[in-house]
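Reading through the structure tokens given below for one structure.
Only this structure's heavy atoms are used, side chains among them; waters, hydrogens and symmetry mates stay out. Here is the naming used below: chain letters follow the sequence lines, and residue numbers restart at 1 for every chain.
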2 protein chains.
Amino acid sequence: MEDEVDRLVAAWRAERPDLDVQPLHVLSRISRLARHLDRARRAVFAAHDLEPWEFDVLTALRRAGRPYQLSPGRLLRATLVTSGTMTNRIDRLEAAGLVRRLPDPTDKRGVLVRLTDKGRTRVDAAFADLLAREHDILAGLSPAERDTLAGLLRTLLAPFDL
Amino acid sequence: MEDEVDRLVAAWRAERPDLDVQPLHVLSRISRLARHLDRARRAVFAAHDLEPWEFDVLTALRRAGRPYQLSPGRLLRATLVTSGTMTNRIDRLEAAGLVRRLPDPTDKRGVLVRLTDKGRTRVDAAFADLLAREHDILAGLSPAERDTLAGLLRTLLAPFDL
DNA sequence: GCCAGTTCTCTCGACATCAAGACATATCAT
DNA sequence: ATGATATGTCTTGATGTCGAGAGAACTGGC
């Protein structure tokens with residue numbers, strides 16, 4: 001069975017027979033899968049009235065454990081956005097009642113962003129649904145295949161995590 | 001050896017011991033890898049004075065084969081952007097001298113976007129460099145492992161391509 | 001103590017994208 | 001022919017992000 005990537009590779013081979021386009025078989029599929037995952041995530045979050053960026057911030061706080069609070073600085077490093085973006089995001093999450101801004105008692109420049117009860121409830125429900133959906137996406141693979149896949153991906157990822 | 005994703009999974013297990021977070025081992029690694037690939041691509045393109053979006057449009061034209069031309073409509077479907085975005089992109093590529101807009105002789109509404117010689121040279125060089133970089137990224141895997149990985153990814157991707 | 005350099009959050013302006021719609025041309029059934 | 005619908009491209013307005021920098025507070029060496 002031929003898939004989209006096979007057709008892509010075939011088109012390149014026809015146009016650039018001088019090049020080794022093998023890498024596309026792995027890497028183009030990874031990029032495509034990531035796009036599909038983003039779409040699937042977006043659909044799950046929409047059912048909980050959350051945008052992907054809201055989920056990203058809320059899960060960072062949720063993973064921190066009680067009392068579910070982090071500084072804006074730690075949040076922006078956790079979510080890989082700039083400080084201007086994070087200020088905007090916290091503003092909107094605060095307006096939605098999902099987080100609160102508190103003064104940092106140990107640093108007068110600082111602020112702590114804390115998950116509200118409403119925020120915790122919301123993100124917990126969305127995360128459970130997300131995992132259910134991700135489970136479905138992996139349904140085509142046996143447990144052994146999933147382990148193999150995870151291992152190969154880990155090898156590929158290792159050089160970047162340095 | 002523990003990687004970032006292992007730590008992420010451990011954090012979730014501590015906070016949500018009720019959930020099966022196994023899917024993250026595969027799917028979170030795919031998303032992370034895609035982000036790293038985007039960064040690597042961006043770096044390669046920068047050496048050729050190209051933005052990722054420019055590369056996307058130019059490669060769509062390049063893959064079409066001689067005379068390297070497509071309508072804006074086909075381009076936007078190939079690159080998954082909206083028509084407003086594509087108009088803007090073609091405007092800028094035309095200003096940069098990498099493509100030209102020609103009237104479509106068979107449809108008076110239509111336009112054909114054609115790669116200039118300068119555009120073809122540029123995208124060919126960038127693509128060769130990209131493949132070299134992607135080859136490096138896969139260096140940690142044996143040829144057999146790459147095949148296994150490509151096969152597993154294809155299985156995961158199949159349900160989306162319907 | 002004090003000053004230089006660092007860290008923290010927020011503000012501002014520029015920009016690429018999207019969604020919706022405008023406008024012209026094609027296509028098809030009647 | 002004619003009208004209705006579809007198609008193709010471009011325009012417009014809103015939005016979220018980034019990059020640069022401002023202002024306040026912390027830190028360490030002297």
Side-chain angles (χ1 to χ4, degrees), chain A residues 31 34-35 38-39 41-43 45-46 49-61 64 69-96 98-115, chain B residues 31 34-35 38-39 41-43 45-46 49-61 64 69-96 98-115:
Chain A
S31 294
R35 271 202 295 279
D38 279 347
R39 288 180 56 86
R41 284 166 39 106
R42 185 175 293 274
F45 299 154
D49 202 26
L50 285 174
E51 296 292 326
W53 64 263
E54 295 183 286
F55 183 82
D56 282 348
V57 176
L58 297 179
T59 47
L61 293 169
Q69 64 184 19
L70 291 171
S71 70
R74 290 202 53 170
L75 276 174
L76 68 89
R77 283 187 287 277
T79 58
L80 305 175
V81 299
T82 61
S83 62
T85 298
M86 187 50 67
T87 297
N88 183 14
R89 288 183 173 188
I90 297 169
D91 287 348
R92 284 177 285 160
L93 286 170
E94 202 167 25
L98 301 175
V99 306
R100 267 167 55 213
R101 257 188 261 242
L102 306 170
D104 183 337
T106 72
D107 185 337
K108 283 185 184 155
R109 294 168 303 180
V111 170
L112 289 173
V113 179
R114 164 131 53 164
L115 213 50
Chain B
S31 293
R35 271 202 295 279
D38 279 346
R39 288 181 56 87
R41 285 165 38 106
R42 184 175 294 274
F45 300 154
D49 202 26
L50 285 174
E51 297 293 324
W53 65 263
E54 294 182 289
F55 183 83
D56 283 349
V57 176
L58 297 179
T59 46
L61 293 169
Q69 63 184 20
L70 292 171
S71 70
R74 291 202 53 170
L75 277 174
L76 66 89
R77 282 185 289 277
T79 58
L80 304 176
V81 299
T82 61
S83 62
T85 299
M86 188 50 67
T87 297
N88 183 12
R89 288 183 174 186
I90 296 169
D91 287 348
R92 285 179 283 160
L93 286 170
E94 201 167 27
L98 301 174
V99 306
R100 266 168 55 214
R101 256 189 263 242
L102 306 171
D104 183 337
T106 73
D107 185 338
K108 282 185 184 157
R109 296 168 303 179
V111 171
L112 289 174
V113 180
R114 163 131 55 163
L115 213 49

Taken to the nearest whole Å, CG/B:D56 to C1'/C:dT17 is 14 Å
So CG of B:D38 and OG of A:S31: to nearest 0.5 Å the spacing works out to 6.0 Å
Practice item. Carefully, step by step, assess B:R100 and B:E94 under the rule salt bridge (charged side-chain N to carboxylate O under 4.0 Å, His left out). Key: CA-CA 6 Å; B:R100 266 168 55 214; B:E94 201 167 27; over 6 Å; no
Separation between OG (B:S71) and CZ (B:R109), nearest 0.5 Å, reads 10.5 Å
At less than 3.5 Å, do the side-chain atoms of A:R109 and the base atoms of C:dT9 form a donor-acceptor pair?
no
Rounded to whole Å, the CG-P distance (A:L112 to C:dC10) equals 11 Å
Of the candidates C:dC18, C:dC10, D:dT9, the side chain of A:P72 sits closest to C:dC10
Taking 4.0 Å as the cut-off, does a side-chain nitrogen or oxygen of B:R89 come that near to OP1 or OP2 on C:dT17?
yes
Output yes when a side-chain donor or acceptor of B:T85 lies under 3.5 Å from a complementary backbone atom of B:V81, and no otherwise.
-> no
dist B:L50:CG -> B:L58:CG (nearest 0.5 Å) comes out at 6.0 Å
Between CG of A:N88 and P of D:dA20 the distance, given in whole Å, is 19 Å
Taken to the nearest whole Å, CG/A:L80 to P/D:dG16 is 20 Å
Measuring to OP1 and OP2 of C:dC18, would you say a side-chain N or O of B:T85 lies under 4.0 angstrom away?
yes
B:L102 CG to D:dT9 C1', in whole Å, measures 15 Å
Hey, is the side chain of B:R92 poking within less than 4.0 Å of OP1 or OP2 on C:dT17, counting only N and O atoms? yes
Whether A:R101 contacts C:dC8 is assessed here as follows: a side-chain N or O lying under 4.0 Å from the phosphate OP1 or OP2. Is that the case? no
Regarding the side chain of A:S83, the nearest nucleotide among D:dG21, D:dG8, D:dT9 is D:dG21
On DNA chain D, more 5' by nearest nucleotide between A:T106 and A:V81 is A:V81
Separation of D:dG8 atom P from B:M86 atom CE, nearest Å, is 14 Å
A:D107 CG to C:dT9 P, in whole Å, measures 8 Å
Does A:T82 place a side-chain N or O at less than 4.0 Å from the phosphate oxygens OP1/OP2 of D:dC18?
yes
Ranking C:dT17, D:dG8, D:dT9 by distance to the side chain of B:W53, first place goes to C:dT17
Which is true for B:G73 with a 4.0 Å heavy-atom rule: it touches a base, it touches only sugar-phosphate, or it touches nothing? sugar-phosphate
Rounded to whole Å, the CG-C1' distance (B:L70 to D:dT9) equals 15 Å
